[in-house]
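Everything numeric here is computed off the predicted structure, so don't read it as measured data. Labels below follow one simple rule: chain letters A, B, ... track the order of the sequence lines, proteins then strands, and each chain is numbered from 1.
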Number of protein chains: 2
Amino acid sequence: MKQYHLGIEATLEIIGGKWKALIICLLISGAKRTSELQRHIHGISQKVLIQQLRELEEDGLVRRHVYQQMPPKVEYSLTEYGVTANKIVDVMCTWGKENIKRRQCQGEDIVLLEDESMGDFE
Amino acid sequence: MKQYHLGIEATLEIIGGKWKALIICLLISGAKRTSELQRHIHGISQKVLIQQLRELEEDGLVRRHVYQQMPPKVEYSLTEYGVTANKIVDVMCTWGKENIKRRQCQGEDIVLLEDESMGDFE
DNA sequence: CTGTATCCTCAACGATACTG
DNA sequence: CAGTATCGTTGAGGATACAG
């Protein structure tokens with residue numbers, strides 16, 4: 001019998017990885033292909049990306065859709081349950097933006113480049 | 001110049017570690033001693049706990065207060081800024097609880113033992 | 001393009017002992 | 001009790017090559 005002591009423990013197990021919240025964040029704006037995701041997640045390798053997607057799939061947050069065609073095309077999207085994680089990701093985005101502003105005011109040399117090219121292209 | 005593409009990236013850098021959100025969660029209910037924290041965070045070693053606390057301190061979320069006495073006593077608490085992270089931790093707790101319920105309904109053998117002994121003692 | 005399989009590296013973590 | 005130092009382990013993640 002697995003035991004938790006706080007709700008947050010379960011949350012961290014599922015989206016506590018280094019990249020998962022970010023992946024969900026990107027998928028909120030719509031289904032994305034593997035390569036698309038990788039392009040938007042700076043520093044992640046293909047191997048790890050796919051691995052994280054698999055785990056999110058197992059936990060019921062992400063759905064994988066294969067188009068039978070050549071060349072291959074695969075899209076990942078959020079399940080209805082995955083969409084509920086929106087709540088978390090959303091506050092994380094907001095808080096993060098404020099954090100960046102705060103640090104800029106303190107003189108840190110950082111910048112937030114809002115990615116334009118995300119909504120709908122392909 | 002450090003570049004971010006989404007607000008959430010900054011958030012993950014700061015509280016994306018394995019334990020940090022949990023630590024903040026525990027500190028919301030009030031200042032805690034090192035040993036107290038360790039007791040509530042199952043599976044963390046003292047070394048890592050202190051390390052994470054130091055990082056949270058550097059990022060301005062946590063304050064360290066040393067009582068000059070023997071035996072030594074140190075308490076950690078949230079700064080005003082740390083308290084703002086409440087928003088994130090709070091949804092994570094809520095979502096986690098719902099996640100546990102959901103999985104219980106699906107037949108998983110898990111349980112959430114709400115820690116009684118947390119608010120005020122000592 | 002998507003995904004698997006290897007190999008390899010490095011940093012995070014655990015355990016322990018020790019200091020104040 | 002709080003914290004540091006050291007050593008050893010392990011596993012996550014990177015790089016690359018290759019298959020469908």
Inset, instruction - Only counting residues at least two apart or in another chain, list the ones meeting salt bridge (charged side-chain N to carboxylate O under 4.0 Å, His left out) with A:Arg102. - result: none

Legend entry - By ring-ring contact (aromatic ring centres under 6.0 Å, His included) - contacts of B:Trp95 (at least two apart): A:Tyr81

Legend entry - Protein-nucleotide distance (A:Gln46, atom CD; D:dA19, atom P), rounded to Å: 15 Å

Legend entry - N or O in side chain of B:Arg54 less than 4.0 angstrom from D:dT4 OP1/OP2: yes

With the criterion being N/O to N/O and under 3.5 Å, what pairs connect the protein with nucleotides 9-13 of chain C, and how long is each?
unit_1, atom_1, unit_2, atom_2, d
C:dC13, N4, B:Lys47, NZ, 3.3

Inset, instruction - Could you tell me whether the phosphate oxygens of C:dC1, OP1 or OP2, come under 4.0 Å of any side-chain nitrogen or oxygen in A:Tyr76? - result: no

Legend entry - Nearest-nucleotide 5' precedence on DNA chain D, A:Pro72 against B:Leu53: B:Leu53

Legend entry - Distance, rounded to the nearest Å, where B:Ile50 contributes CD1 and D:dC1 contributes P: 13 Å

Legend entry - Residues in side chain to side chain contact (heavy atoms under 4.5 Å, CB included) contact with A:Glu98, at least two apart in sequence or another chain: A:Thr94

Under 3.5 Å, which donor-acceptor pairs link side chains of residues 55-63 of chain B to any protein atom two or more places apart or in another chain?
unit_1, atom_1, unit_2, atom_2, d
B:Glu55, OE1, B:Lys20, NZ, 2.5
B:Arg63, NH2, B:Glu80, OE2, 2.8

Legend entry - pair A:Val111-B:Met1: side-chain heavy atoms closer than 4.5 Å: yes

Inset, instruction - Respond yes when some side-chain nitrogen or oxygen of A:Arg64 is under 4.0 Å from OP1 or OP2 of C:dT2, and no when none is. - result: no

Inset, instruction - Using whole Å, report how far CG of A:Leu49 lies from P of D:dA12. - result: 16 Å

Legend entry - Side chain of A:Pro71 - closest among D:dG3, D:dC1, C:dC1: C:dC1

Legend entry - N/O (side chain, A:Arg33) to phosphate O (OP1/OP2, C:dT2) under 4.0 Å: yes

Legend entry - Euclidean distance, atom CD1 of residue A:Ile44 to atom P of D:dG14 [Å, nearest integer]: 7 Å

Legend entry - Euclidean distance, atom CD of residue B:Glu57 to atom C1' of D:dG3 [Å, nearest integer]: 13 Å

Let me check something: any side-chain donor-acceptor pairs from residues 11-18 of chain A under 3.5 Å, sequence neighbours excluded? List them with distances.
unit_1, atom_1, unit_2, atom_2, d
A:Thr11, OG1, B:Met92, O, 2.5
A:Thr11, OG1, B:Gly96, N, 3.1
A:Glu13, OE1, A:Tyr4, OH, 2.9
A:Glu13, OE2, A:Lys2, NZ, 3.0

Inset, instruction - Could you work out the complete set of other residues in the hydrophobic cluster of A:Tyr67, with links drawn between I, L, V, M, F, W and Y side chains under 4.5 Å apart? - result: none

Inset, instruction - Taking all non-hydrogen atoms of both residues into account, name the closest pair between B:Lys32 and B:Leu26 and its distance. - result: NZ-O, 3.5 Å

Inset, instruction - Figure out the NE2/P separation between B:His65 and D:dA2, and round it to whole Å. - result: 14 Å

Inset, instruction - With axes from five pairs an end, tell me the bend angle of the helix from C:dC1-D:dG20 to C:dG20-D:dC1, nearest 10°. - result: 40°

Inset, instruction - Using the test side chain to side chain contact (heavy atoms under 4.5 Å, CB included), find all partners of B:Met70 that sit at least two apart in sequence or belong to another chain. - result: B:Pro72

Inset, instruction - Give the rounded distance in Å between these two atoms: CD of A:Gln38 and C1' of D:dA15. - result: 12 Å

Inset, instruction - In whole angstrom, give the distance that lies between atom CE of A:Met70 and atom C1' of D:dA19. - result: 11 Å

